[in-house]
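For reference, the structure discussed in these notes is given below.
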Amino acid sequence: MGAAPDPKLAAMISGAGGNPLLIVELVQGLREEGSVEISHERARLLDERIPRRVRDLAQHWLDSLSDKARQLVQVAAAVGGSFMVVEVASMLRETTASMLPALNETIASGLLICPGEQTVFQHELVRRSIADALPVAVRQALRQDVSALRRQHCLQVPMPPEFLVTGGRPAGTPVPGSTDAPAPLPAPAPLPASSTEPGIVHRLLPALLMARSTRTEPLPLGLADELRASLTAVLQAHYADVELTGTADAPLAERADRITRNTVSLFADGVQRATTRARAILAAHQGRDDEADAVTATVVMSNLEWAVGNLAEGLRWGQRAVQCLGPATPPMWSPYVRLALATKLSDIGRFEEAEGLISAARTEAEALGQPHTATPSIARAMLLLQSSRLQEAQDSARAGLEVAAKTGGGWVVPVGQAVLILVALRRGDLASAADYAWRCRAAVGADSTVFPSIHFDWGECLVATAQLGARRTAELLTTTYAHLLTSPQLFVEEAAAAAWFVRLALAADDMPLASTVVTAAERFAAANPGRPTLAVAALHARGLLERDSEALRQAAREHVSPCAGALAEEDLGILLSAQEEKNGALGAAALRSALQRFVQIGSQGDIERIRAFMEEHGTPVTSTPRQGRPATAGWEALTETERSIAHLVSDGLTNRQVARRVSLSPHTVNYHLRAIFRKLGIGSRVEVARHITHSA
């Protein structure tokens with residue numbers, strides 16, 4: 001246009017989020033409709049309405065979606081600048097699990113992104129265009145619905161980062177013509193002065209060194225070029241500061257370029273290619289194994305061996321990588337090399353050794369500056385989760401995600417979200433778990449520096465089970481999640497995974513599925529002798545399949561993971577309780593012991609499940625105080641979810657109708673209803689209504 005935009009026009013253009021097509025269509029549309037005046041090399045916005053060109057483009061993108069995805073986007077657009085997925089799912093009378101295909105479709109289309117604690121539109125102009133296309137009455141009704149939902153469930157939707165909501169507008173500046181005026185937001189925190197490395201390195205390097213598998217496709221060309229340039233700058237700066245022997249034959253720039261090319265080549269697509277490249281790099285290094293590319297190749301070898309279930313080799317390469325750290329290793333490599341080994345030690349129950357490595361890595365990361373401190377927090381969160389320290393795991397994951405939100409997360413964001421999924425499920429908070437699952441999947445799709453991880457699918461599968469029930473989830477395990485059933489990576493990272501699959505298969509009357517899992521777990525344990533965590537996991541799964549009480553008793557005693565041990569004891573109690581005449585008393589004792597173990601962990605979801613089973617079968621529950629919750633009775637003892645369910649039941653809704661309202665499965669609603677009966681000292685739905693009426 002040959003002119004500088006005035007503030008209003010600049011703000012409107014920023015709503016395109018940097019999309020070139022949107023910007024061109026916006027500017028041309030404004031000129032065609034006479035909404036811009038150019039005078040004295042200044043372009044002034046005369047009309048803040050979105051031009052037809054942009055509205056047509058937004059409609060074209062919307063029409064390319066499936067019916068369910070289109071409905072999701074329209075409702076979300078009306079809700080406003082940010083929203084929680086569980087809200088929209090509830091408004092559409094769906095569970096979050098049933099919405100996953102549509103949610104993933106909107107992410108793949110580029111319309112929605114999930115950068116942190118909320119879901120937002122990639123382009124504010126598109127959101128406004130879609131919302132404005134809806135009748136005013138419909139927009140108002142949808143906004144009233146979401147307001148009521150937030151009041152009912154006390155949902156707090158944090159505002160997204162300024163650069164996502166405002167597209168670079170000054171904090172607190174409303175989008176021209178928009179009814180959504182965001183509150184002032186703090187500017188992103190500047191990076192500490194000590195952190196001088198280019199940002200792309202602190203995102204991609206930990207992704208490569210911490211990955212448990214390889215990428216499914218090559219690194220995008222633009223990203224690869226950016227990484228090469230940034231790595232070269234880091235390496236040249238480092239090698240200029242240290243005196244190295246035996247390297248005078250290669251000029252500094254040439255040497256840095258060679259190491260950069262080698263390192264970037266390890267972002268390979270496929271196990272075979274990555275392995276070949278790593279071995280070639282190591283073979284070329286004669287006595288200089290502490291150089292950056294050699295250390296990286298050693299860690300990659302460790303990760304690849306671990307991913308396919310060769311645990312001894314994975315540990316050997318990981319320990320060798322730590323030993324290789326030396327003068328030629330740039331400082332920012334060291335913490336991630338230690339963390340890569342720490343996570344493997346944690347997987348096999350060697351928690352103290354892992355803690356020591358994480359502590360050393362944290363000290364090194366703090367010296368490097370804030371961008372590097374997120375990964376140690378997330379790695380420790382994973383360790384704390386595996387050792388069943390739920391509150392500490394949640395705190396550590398949130399601390400890591402907070403740093404990542406300020407500095408650009410990459411690898412740590414979806415892994416941190418996966419930890420929060422599992423903590424929420426343990427605590428019986430299905431709504432939060434479902435929302436974290438969506439955020440996790442969105443973060444994976446939104447950042448090309450994220451490598452595949454079994455954590456993401458595992459958390460998603462657990463949420464689906466809680467919402468859909470055993471039979472429907474068993475069907476998903478033969479399609480969407482089939483790769484989980486025989487995954488060495490999952491079986492080593494999740495001590496109770498194999499037993500969980502068998503429990504699910506038996507509940508769905510799918511014996512072939514149960515047998516497949518047990519066989520895979522036993523083969524994996526046999527291939528890794530000397531790893532007791534794998535042997536006891538396979539024993540637990542076999543005990544469930546064959547109803548072997550001695551196998552379950554041994555698993556309950558020998559599991560390193562407190563949660564896995566408690567689950568094995570619960571399985572033992574259920575098995576013995578089914579043999580009431582012979583072993584009823586033993587079954588009750590095992591269930592009480594499992595209950596006590598879950599109380600010590602703080603796993604409220606497991607506590608409620610065991611209590612519900614015991615009450616259903618008439619097994620006395622001894623007085624067991626609930627973790628973090630006073631042992632009171634009456635209305636004050638109910639959780640917020642239980643109170644919501646009680647009110648809906650008192651209105652005459654069935655379990656299925658209640659489930660749709662609160663985004664839970666009917667099975668879970670039934671568990672909550674039994675807890676309500678127990679706490680209120682009543683025995684029927686009619687008495688719930690009577691109790692609420694009298695209390696009012």
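Positions are given from 1, in the same order as the sequence printed here. What you are looking at is a predicted structure, and each value in this text was computed from that prediction instead of being measured.
Side chain of Glu124 to backbone of Gly17: no donor-acceptor contact under 3.5 angstrom is found. A donor-acceptor pair under 3.5 Å is formed between the side chain of Arg70 and the backbone N or O of Leu65. Counting only distance, with no hydrogens or angles, the side chain of Glu105 and the backbone of Ser66 share a donor-acceptor pair below 3.5 Å. Not a single donor-acceptor pair under 3.5 Å links the side chain of His455 to the backbone N or O of Val415. The main-chain N or O of Ala393 is never found under 3.5 Å from a side-chain atom of Ser396 such that the two would form a donor-acceptor pair. Between the Ser432 side chain and the Asp429 main chain, no donor and acceptor come within less than 3.5 Å of each other. Side-chain atoms of Asp293 never come within 3.5 Å of backbone atoms of Ile281 as a donor-acceptor pair (strictly under, hydrogens ignored). Within the 3.5 Å criterion, the main-chain N or O of Glu25 finds no donor-acceptor partner in the side chain of Arg53.
Counting heavy-atom neighbours within 6.0 Å of Glu402 CD, excluding the residue itself, gives a total of 12 or less.
The shortest distance between side-chain heavy atoms of Arg44 and Val36 does not fall below 4.5 Å.
Here the straight-line distance linking atom CG of Asp47 with atom NZ of Lys8 works out to 10.5 Å at 0.5 Å rounding. Put simply, CD on Glu364 and OG on Ser334 are 4.5 Å apart, with the number rounded to the nearest 0.5 Å.
Counted by atom type alone, Asp67 and Gln71 present zero donor-acceptor pairs between their side chains at under 3.5 Å. Using modelled atom types, one finds no donor on one side chain facing an acceptor on the other under 3.5 Å when comparing Trp61 with Ser109. Defined by atom type and a distance below 3.5 Å, a donor-acceptor pair is missing between the side-chain atoms of Ser129 and Gln59. Side-chain atoms of Arg427 and Gln394 include a donor-acceptor pair closer than 3.5 Å.
Using a 4.0 Å cut-off between charged nitrogen and carboxylate oxygen, Arg49 and Glu33 do not count as a salt-bridge pair. The existence of a salt bridge linking Arg42 and Glu37 is excluded, since no basic side-chain nitrogen approaches an acidic carboxylate oxygen closer than 4.0 Å.
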